[in-house]
Amino acid sequence: MGALNEKRIADYLAAQPQEQIISLKGWVRSKRGNKDIAFIALSDGSTIKTIQVVAELNQFDENLMKRVTTGSSILVKGKLVASQGAGQTVELLAEKIEILGDCDPEKFPLQKKKHSLEFLREIAHLRPRTNTFGAILRLRHAMAFAIHKYFNDNNFYYIHAPIITGSDAEGAGEMFRVTTLPAENAPKNESGEVDFDKDFFGKEANLTVSGQLESELAALALSKVYTFGPTFRAENSNTTRHLAEFWMIEPEMAFFELEDNMDLAEDFLKYLIRYALDNCRDDLDFLEKRQQEEELQMKKEDRSSMPLIAKLEHVLAESFERLTYTEAVGILEKSGKKFEFPVSWGVDLQSEHERYLVEKHFKKPVILTNYPMQIKAFYMKQNDDGKTVRAMDILFPGIGEIIGGSQREEDYEKLSKRIDEMGIHRDSLWWYLETRQYGTVPHAGFGLGFERLMLFVSGMGNIRDVIPFPRTPRNLEF
RNA sequence: UCCUGAAUAGCUCAGCUGGUUAGAGCAUCUGACUGUUAAUCAGAGGGUCCGGGGUUCAAGUCCCUGUUCAGGAGCCA
């Protein structure tokens with residue numbers, strides 16, 4: 001039996017202690033005790049919990065025990081027994097301890113005390129070893145798995161949209177250029193501009209800002225598809241909810257109209273939240289406690305209105321409020337509240353407006369639909385009123401926009417006209433336009449920011465703390 | 001990118017209207033304690049006060065500047 005089949009700490013913590021001889025490998029979280037006995041909290045990342053290793057010191061070499069320090073990796077063989085102490089049901093009575101890797105306690109930055117999230121961001125290579133990031137990473141895995149499971153169970157096909165794109169017309173933000181041209185003295189053309197004909201692809205290339213256009217192509221063949229991959233935005237955004245590299249889930253469905261799109265999005269989000277509650281309870285309990293301790297230092301009005309798990313249950317119990325942009329503007333105008341940015345029909349809603357609707361007015365997730373055409377992307381289906389498009393944004397408390405989507409314009413003439421109106425270079429989208437000429441059908445889709453979902457489910461406040469190695473402006477360590 | 005605030009021990013922070021030798025808690029180390037739960041108790045070590053310039057008899061403290069970080073805004077997922 002190799003490492004592949006070895007049981008983990010999570011398995012043994014759930015097992016019946018019958019003095020069975022077991023061996024475990026992991027990292028020491030803390031050691032305490034007296035001259036006769038030592039208690040070692042051991043973690044292997046399989047659970048937020050540690051297993052208590054008990055070492056009677058007369059059986060172990062003093063110099064060996066000195067090397068058992070916070071952060072060191074050890075192998076322990078011994079008996080799994082019922083614990084004599086409170087706080088755990090089973091413990092490992094050590095018979096043999098082996099040091100796998102020493103860890104100098106004078107230098108190791110993680111201590112058996114609470115660290116600030118800001119400090120942990122500076123040591124992102126070590127922060128997976130903390131309780132908080134262990135919980136986050138397990139939760140992140142569970143959410144990624146649940147996303148694939150949901151779509152698979154609902155007959156969607158997973159499409160791999162390209163990461164490198166040649167189309168610059170997606171309009172979703174600034175892009176990162178991909179090039180093999182030298183940084184200095186790049187070849188120039190006759191007008192003195194960089195000659196991308198000499199570049200790897202023979203044209204300007206960028207990292208994708210969305211897999212949507214490609215997933216539409218697949219949906220117009222396989223009916224229900226989704227992408228789930230990295231996405232890149234070169235915006236100089238310095239906020240708690242933006243990353244330069246993030247993961248996005250983009251389902252795209254043929255024969256779906258806007259209402260179907262909303263039904264799917266709501267069912268999907270609730271499935272994911274339910275999945276977290278059903279499968280990550282220990283980690284959520286920990287994250288909830290963590291959030292409450294952190295918020296003790298905050299002003300009352302800045303604290304969460306509900307503990308994490310109650311908040312998740314609350315979202316499951318409520319149906320999302322669906323209303324049009326026009327209705328939302330009416331509510332905001334009638335609210336009597338003084339906004340920093342005044343509201344009127346036609347303006348894009350600001351964070352403060354969205355927050356008012358979600359957190360003050362409805363107190364639950366909100367789906368806003370049918371936005372003015374002027375403030376939305378070229379591919380959204382135009383309504384008959386000539387003013388609005390069949391867009392939908394889902395707004396979550398504390399997060400803001402978690403999903404943005406729409407029914408797509410399937411009419412060739414209307415789409416073509418809109419592309420020209422918006423000054424988009426139609427030659428780079430000839431393939432997209434062709435799908436509207438060859439068997440076009442109504443279709444719809446949306447994009448869910450994976451890290452924004454993680455923010456909501458974990459209760460964390462900064463998006464840099466729900467991805468292992470965040471990429472933000474001026475931050476590319478690790 | 002804009003606005004606001006911050007940078008002092010390994011970490012979290014205090015340090016007043018400038019005034020000898022810069023403090024605390026935690027962590028670390030040493031010792032005590034017969035089973036602890038971020039153990040407890042006692043002691044010890046630990047500092048380029050973010051970088052550069054200036055004002056002053058005197059700067060951690062005041063001014064200018066740069067850098068970094070945080071929060072808010074915009075862009076959006």
Side-chain angles (χ1 to χ4, degrees), chain A residues 29-41 49-58 66 69-71 81 83-88 91 93 103-123 130-131 170-174 209-212 230-250 293 297-299 302 340-341 348-352 354-355 375-377 393-396 399-405 446-456 461-467 472-475 477:
Chain A
R29 283 294 175 75
S30 75
K31 184 177 74 168
R32 55 182 175 265
N34 54 45
K35 70 173 193 275
D36 297 308
I37 192 164
F39 301 96
I40 301 160
K49 294 172 182 156
T50 52
I51 194 164
Q52 172 155 285
V53 175
V54 182
E56 286 168 0
L57 293 179
N58 55 16
K66 269 194 178 154
T69 59
T70 298
V81 298
S83 179
Q84 296 173 35
Q88 61 279 319
E91 64 190 23
L93 185 58
C103 185
D104 183 348
E106 297 271 10
K107 292 187 185 147
F108 187 54
L110 290 172
Q111 303 159 353
K112 47 180 182 179
K113 60 164 279 189
K114 203 169 183 252
H115 288 291
S116 68
L117 294 170
E118 291 83 355
F119 174 66
L120 293 175
R121 273 171 224 153
E122 293 169 13
I123 51 166
T130 62
N131 286 333
E170 293 167 48
E174 291 295 311
V209 291
S210 165
Q212 180 199 317
T231 310
F232 306 88
R233 304 273 166 92
E235 302 286 349
N236 191 7
S237 296
N238 294 285
T239 77
T240 53
R241 52 188 192 288
H242 290 87
L243 292 165
E245 177 185 290
F246 63 100
W247 289 68
M248 187 152 65
I249 301 105
E250 293 178 286
E293 280 168 16
Q297 302 150 19
M298 294 165 59
K299 284 179 283 179
D302 293 335
E340 193 189 335
F341 297 89
D348 212 350
L349 297 182
Q350 307 287 324
S351 298
E352 55 173 345
E354 297 180 349
R355 222 177 302 127
I375 59 174
K376 287 294 183 184
D393 283 2
I394 302 190
L395 311 177
F396 260 42
I399 311 290
E401 186 180 340
I402 196 168
I403 277 181
F446 61 82
L448 167 66
F450 186 51
E451 284 77 18
R452 292 203 179 161
L453 172 76
M454 281 296 300
L455 278 180
F456 185 75
N462 191 316
I463 202 162
R464 295 166 196 147
D465 299 328
V466 295
I467 188 168
T472 54
R474 309 201 63 81
N475 181 11
E477 201 71 40

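- Distance A:Phe108 CZ to B:U28 C1': 13 Å, rounded to the nearest Å.
- Here B:A70 is the nucleotide among B:U34, B:A77, B:A70 with the atom lying nearest to any side-chain atom of A:Arg464.
- Rounded to whole Å, the separation between the C1' atoms of B:C26 and B:G45 comes to 16 Å.
- Closest to the side chain of A:Arg121, out of B:A70, B:A77, B:A73, is B:A70.
- When rounded to the nearest whole Å, the span between CD of A:Gln212 and P of B:C76 equals 14 Å.
- Within the nucleic acid shown, A:Ile249 has no heavy atom closer than 4.0 Å to any nucleic acid atom.
- Across all strands shown, A:Pro105 has heavy atoms under 4.0 Å from sugar-phosphate atoms exclusively, and none from any base.
- A sub-4.0 Å separation between OP1 or OP2 of B:A32 and a side-chain N or O of A:Asn34 is absent.
- Contacts of A:Gly33 with the nucleic acid, taken as non-hydrogen atoms under 4.0 Å apart, include base atoms.
- Nearest to the side chain of A:Asp348, among B:U1, B:C76, B:A70, sits B:C76.
- For A:Thr240, the side-chain atoms get nearest to B:G71 when compared with the rest of B:G35, B:C76, B:G71.
- Nearest nucleotide to the A:Asn462 side chain, out of B:G35, B:A70, B:A27: B:A70.
- Here A:Ser237 lies in heavy-atom contact (under 4.0 Å) with a base.
- In this structure, A:Phe246 forms an aromatic stack with the base of B:A77, since both conditions hold: centre separation below 5.5 Å and plane angle below 30°.
- Between A:Arg355 and B:A73, a side-chain N or O to OP1/OP2 separation shorter than 4.0 Å is present.
- Here B:C69 presents its P atom at 14 Å from CG of A:Asp465, a figure rounded to the nearest Å.
- B:G51 and B:U68 are spaced 11 Å apart, taking the C1' atom of each and rounding to whole Å.
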Could you give me the CA-CA distance, side-chain angles and deciding distance for A:Arg474 and A:Asn238, then say whether side-chain hydrogen bond (donor to acceptor under 3.5 Å, both in side chains) is met?
CA-CA 10 Å; A:Arg474 309 201 63 81; A:Asn238 294 285; over 6 Å; no
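- Residue-level contact check: A:Lys66 touches the backbone only, with heavy atoms under 4.0 Å from sugar-phosphate atoms and none from bases.
- Nearest nucleotide to the side chain of A:Ile463, out of B:A70, B:G35, B:A77: B:A77.
- Using a 4.0 Å heavy-atom cutoff across all strands shown, A:Ser83 reaches at least one base atom of the nucleic acid.
- Summarising the base pairing, B:U37 is matched to no nucleotide, lacking a Watson-Crick or G-U wobble pair whose two defining distances lie under 3.5 Å.
- Taking atom P in both B:C16 and B:G74, one finds a spacing of 37 Å when rounded to whole Å.
- Between the CZ atom of A:Arg241 and the C1' atom of B:G71 there is a distance of 11 Å, rounded to whole Å.
- Rounded to the nearest Å, the gap between the C1' atom of B:G72 and that of B:C49 is 29 Å.
- Within the 4.0 Å cut-off from OP1 or OP2 of B:C2, not a single side-chain nitrogen or oxygen of A:Asn238 is found.
- Nearest nucleotide to the A:Arg474 side chain, out of B:U1, B:U68, B:U36: B:U68.
- A:Glu352 places a side-chain N or O within 3.5 Å of a backbone atom of A:Glu340 that can act as its donor or acceptor partner.
- With rounding to the nearest 0.5 Å, the separation of CZ in A:Arg241 from CD1 in A:Ile402 is 12.5 Å.
- Between A:Ser351 and A:Lys35, the residue anchored nearer the 5' end of RNA chain B, judged by the nucleotide with its closest heavy atom, is A:Lys35.
- Across A:Asn475, A:Ile463, A:Val466, a single residue satisfies side-chain contact (heavy atoms from CB on, under 4.5 Å) together with A:Leu243, and that is A:Ile463.
- Picking from B:A77, B:G25, B:G35 the nucleotide with the shortest atom distance to the side chain of A:Glu401 gives B:A77.
- Atom name C1', nucleotides B:G5 and B:A9: the rounded distance is 24 Å, in whole Å.
- With C1' as the reference atom, B:A22 and B:C13 are 14 Å apart, rounded to whole Å.
- Rounding to whole angstrom units, CD1 of residue A:Ile51 and P of B:U37 are separated by 19 Å.
- Closest to the side chain of A:Phe119, from the set B:U12, B:A39, B:G35, is B:U12.
- Both A:Gln350 and A:Ala244 sit near RNA chain B, but only A:Gln350 has its closest nucleotide nearer the 5' end.
- The separation between A:Ile37 atom CD1 and B:U34 atom C1' is 8 Å, rounded to whole Å.
- Across all strands shown, A:Ala86 has heavy atoms under 4.0 Å from base atoms, whether or not it also approaches the sugar-phosphate.
- Across B:A44 and B:U48, the matching C1' atoms stand 24 Å from one another, rounded to whole Å.
- Distance from the side chain of A:Arg233 is smallest for B:C76 among the nucleotides B:C76, B:U34, B:U36.
- Using a 4.0 Å heavy-atom criterion, one finds that A:Ile402 contacts the sugar-phosphate atoms exclusively.
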